[in-house]
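All values below were derived from every heavy atom in this structure, side-chain atoms included, with hydrogens, water molecules and symmetry-related copies excluded. Labels below follow one simple rule: chain letters A, B, ... track the order of the sequence lines, proteins then strands, and each chain is numbered from 1.
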Protein chains: 2
Amino acid sequence: MNNTDTQQKIIDAAIAIFNEDFSAPLEKVAEKAAVTRRTLHRYFKDRNDLVMHCERDMQVKCRKSMSEAMNSSTAPLVQLENMLYAGINCGAKYSFFNKIHSRHEHQHNANNEACAEYDAMYENYKSITLQLQENGQISRHLTVEWILTLFSSVINAAVQAESIGSIARNSVKKFAWYSFSKGIGM
Amino acid sequence: MNNTDTQQKIIDAAIAIFNEDFSAPLEKVAEKAAVTRRTLHRYFKDRNDLVMHCERDMQVKCRKSMSEAMNSSTAPLVQLENMLYAGINCGAKYSFFNKIHSRHEHQHNANNEACAEYDAMYENYKSITLQLQENGQISRHLTVEWILTLFSSVINAAVQAESIGSIARNSVKKFAWYSFSKGIGM
DNA sequence: GACGTATTTCTCAAATATGAGACATGAGTT
DNA sequence: AACTCATGTCTCATATTTGAGAAATACGTC
């Protein structure tokens with residue numbers, strides 16, 4: 001196995017584990033990644049280094065998916081739908097990225113690259129929402145903040161449903177979009 | 001301060017902390033509860049004991065709120081709305097209770113009191129949902145599982161929105177019910 | 001103001017988590 | 001078969017977390 005593969009495998013495992021339990025011992029990450037703790041430490045100096053790589057990875061992957069969704073159309077509604085699917089596709093990467101940046105402990109710093117990315121996503125999203133509200137395509141009495149919170153929540157729900165496997169994989173996205181779009185008054 | 005007050009204060013703090021970070025050091029719980037770690041240990045034998053007390057507390061509180069909601073009416077729709085509000089009122093207690101019982105690691109045991117309670121809530125909820133679907137009051141093409149997942153997610157969203165304070169406190173419940181009810185095709 | 005109880009402070013031993021060196025192993029390359 | 005590179009194994013030092021004893025202190029009550 002290529003060494004960048006291993007590194008990525010560890011990062012993916014870490015994101016999955018830390019998303020559920022941020023202070024979980026690195027042993028669990030190693031276990032999930034099917035490597036030794038010793039190997040993990042060869043790739044990442046320490047816990048903090050690993051977390052930073054996770055953040056970077058999430059930032060890059062989420063940005064990529066989200067901008068693809070944005071570019072998929074000029075119609076805000078289509079963009080929004082594809083952004084929802086993009087979030088679901090990113091899975092834990094999206095969930096954790098959001099969680100970490102909306103935590104209380106996390107004090108925001110616009111100079112930080114990941115924070116800037118989060119801001120950018122937020123702004124993109126906000127402008128689409130406002131446009132839809134102005135056009136009267138979605139409810140005007142909901143706040144943009146609530147709509148964003150709901151957006152993340154529905155993605156979480158979908159990701160969770162997929163991982164539990166309680167719902168047919170191909171139905172999840174349809175359900176998610178149905179519930180979200182109706183939920184914002186479409 | 002009464003000693004049961006202190007115990008409860010610690011449990012509440014623990015639920016809030018563990019909900020966000022399950023393996024967080026007990027120091028953080030003590031800090032949140034505004035007591036010394038030494039005091040915490042006088043009330044709880046060890047970490048596991050504390051977690052068990054948290055589970056028990058969540059189980060009792062959630063059951064109480066949920067059964068009140070159930071008894072508030074015989075109309076499924078009113079029951080459902082009040083169950084949503086009940087969940088939001090329980091805050092982290094509801095979120096964490098759900099999280100813990102729907103985790104992968106957690107293997108379910110119907111003999112366990114808390115698990116039984118979770119099952120009971122689930123069944124209650126399920127029967128209401130099915131009734132509404134039969135009556136044609138909500139969409140029939142969504143599965144009960146998805147509706148439950150969405151229910152929990154919307155509660156999480158509301159709880160989070162309240163704790164962040166990004167949305168006026170009295171609006172949150174209205175938004176949540178609006179989005180949830182529309183989201184299930186009402 | 002004395003008394004009992006809860007809590008804090010200080011301290012320390014045990015348990016667990018972290019990080020890394022030294023060497024063995026094993027798969028793939030030439 | 002000799003070589004390389006990634007990974008595993010075994011080991012150990014250090015750091016952090018955990019749990020509890022002992023004495024000091026705060027707090028309400030009588």
Side-chain angles (χ1 to χ4, degrees), chain A residues 1-58 60-61 92 96 99-100 103-107 114, chain B residues 1-58 60-61 92 96 99-100 103-107 114:
Chain A
M1 173 171 289
N2 192 324
N3 57 9
T4 56
D5 287 349
T6 304
Q7 178 162 16
Q8 190 59 52
K9 195 173 59 171
I10 295 172
I11 290 174
D12 291 342
I15 290 172
I17 293 289
F18 291 157
N19 184 40
E20 287 225 322
D21 183 0
F22 190 67
S23 298
L26 297 180
E27 181 74 50
K28 287 208 178 177
V29 176
E31 193 183 8
K32 178 115 186 168
V35 286
T36 328
R37 205 160 52 80
R38 190 64 191 86
T39 299
L40 188 153
H41 280 298
R42 263 193 285 260
Y43 282 92
F44 304 97
K45 188 185 154 294
D46 57 22
R47 186 189 198 84
N48 207 46
D49 186 39
L50 175 56
V51 172
M52 274 167 39
H53 275 82
C54 288
E55 283 213 57
R56 187 175 197 77
D57 184 69
M58 293 187 292
V60 171
K61 301 288 169 57
F96 192 35
K99 194 182 286 183
I100 237 178
R103 264 218 214 301
H104 257 96
E105 330 161 33
H106 173 77
Q107 31 65 303
Chain B
M1 173 172 289
N2 191 325
N3 57 10
T4 56
D5 287 350
T6 303
Q7 178 163 16
Q8 189 59 51
K9 197 173 58 172
I10 295 171
I11 289 174
D12 290 343
I15 291 172
I17 294 289
F18 291 157
N19 185 39
E20 287 226 321
D21 183 1
F22 190 67
S23 298
L26 297 180
E27 182 74 49
K28 287 208 178 178
V29 175
E31 194 183 8
K32 179 117 186 167
V35 286
T36 324
R37 203 161 51 80
R38 192 63 192 83
T39 301
L40 187 153
H41 279 299
R42 213 169 271 118
Y43 282 93
F44 304 98
K45 187 183 156 293
D46 57 21
R47 186 190 198 85
N48 207 47
D49 187 39
L50 175 57
V51 172
M52 274 167 40
H53 275 83
C54 288
E55 282 213 57
R56 185 174 199 77
D57 184 69
M58 293 188 292
V60 171
K61 301 289 169 57
F96 193 34
K99 194 182 288 184
I100 241 177
R103 263 218 215 302
H104 257 95
E105 328 163 35
H106 173 76
Q107 34 60 307

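- Of the residues in residues 15-32 of chain B, those placing a heavy atom less than 4.0 Å from an atom of DNA chain D are Pro25(B), Leu26(B), in numerical order.
- Residue Thr6(B) places no side-chain N or O under 4.0 Å from the OP1 or OP2 atom of dA6(C).
- Regarding His41(B), its NE2 atom lies at a distance of 5 Å from the C1' atom of dT18(D), rounded to whole Å.
- No donor-acceptor contact under 3.5 angstrom links the side chains of Asn3(A) and Gln7(A), judged on distance only.
- dT11(D) atom P lies 14 Å from atom CZ of Arg37(A), rounded to whole Å.
- Asp49(A) places no side-chain N or O within donor-acceptor distance of the main-chain N or O of Phe44(A), the cut-off being under 3.5 Å.
- One interatomic measurement links the two molecules: CD1 of Ile10(B) to P of dT18(D), which rounds to 14 Å at whole-angstrom precision.
- Crowding of Lys9(A) atom NZ: a count of heavy atoms from other residues, nucleotides or ligands under 6.0 Å exceeding 12.
- Using a 4.0 Å heavy-atom distance criterion, Arg47(B) is classed as a sugar-phosphate-only contact.
- The distance from the OG1 atom of Thr4(B) to the OH atom of Tyr43(B) is 8.0 Å, given to the nearest 0.5 Å.
- With rounding to the nearest 0.5 Å, the separation of NE2 in His53(B) from CD1 in Ile15(B) is 11.5 Å.
- Computed from coordinates, the Asn48(A) CG to dA17(C) P distance equals 19 Å when rounded to whole Å.
- Phosphate proximity of dT7(C) to Tyr43(B): present, with a side-chain N or O under 4.0 Å from OP1 or OP2.
- In this structure, the helix from dG1(C)-dC30(D) to dT30(C)-dA1(D) shows an angle of 30° between the axis at its start and the axis at its end, each fitted on 5 base pairs and rounded to 10°.
- At whole-Å resolution of the value, NZ in Lys45(A) and C1' in dA15(D) are 13 Å apart.
- Put simply, Thr39(A) has a side-chain N or O that comes within less than 4.0 Å of OP1 or OP2 on dG8(D).
- Between the CZ atom of Arg42(A) and the P atom of dC10(D) there is a distance of 14 Å, given to the nearest Å.
- The closest donor-acceptor contact from the side chain of Lys32(A) to the backbone of Ile17(A) lies at 3.5 Å or more, if one exists at all.
- Dense packing is recorded around CZ of Arg103(A), with more than 12 heavy atoms of other residues, nucleotides or ligands lying under 6.0 Å away.
- A straight line from CZ of Arg38(B) to P of dT25(D) spans 18 Å, rounded to a whole angstrom.
- Rounded to the nearest 0.5 angstrom, Ser23(B) OG and Phe22(A) CZ are separated by 11.5 Å.
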- Assess whether side-chain contact (heavy atoms from CB on, under 4.5 Å) is satisfied between Leu26(A) and His41(A), documenting all intermediate values. CA-CA 9 Å; Leu26(A) 297 180; His41(A) 280 298; 3.8 Å; yes
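- Atom CG in Asp46(B) sits about 14 Å away from atom C1' in dA14(C), given to the nearest Å.
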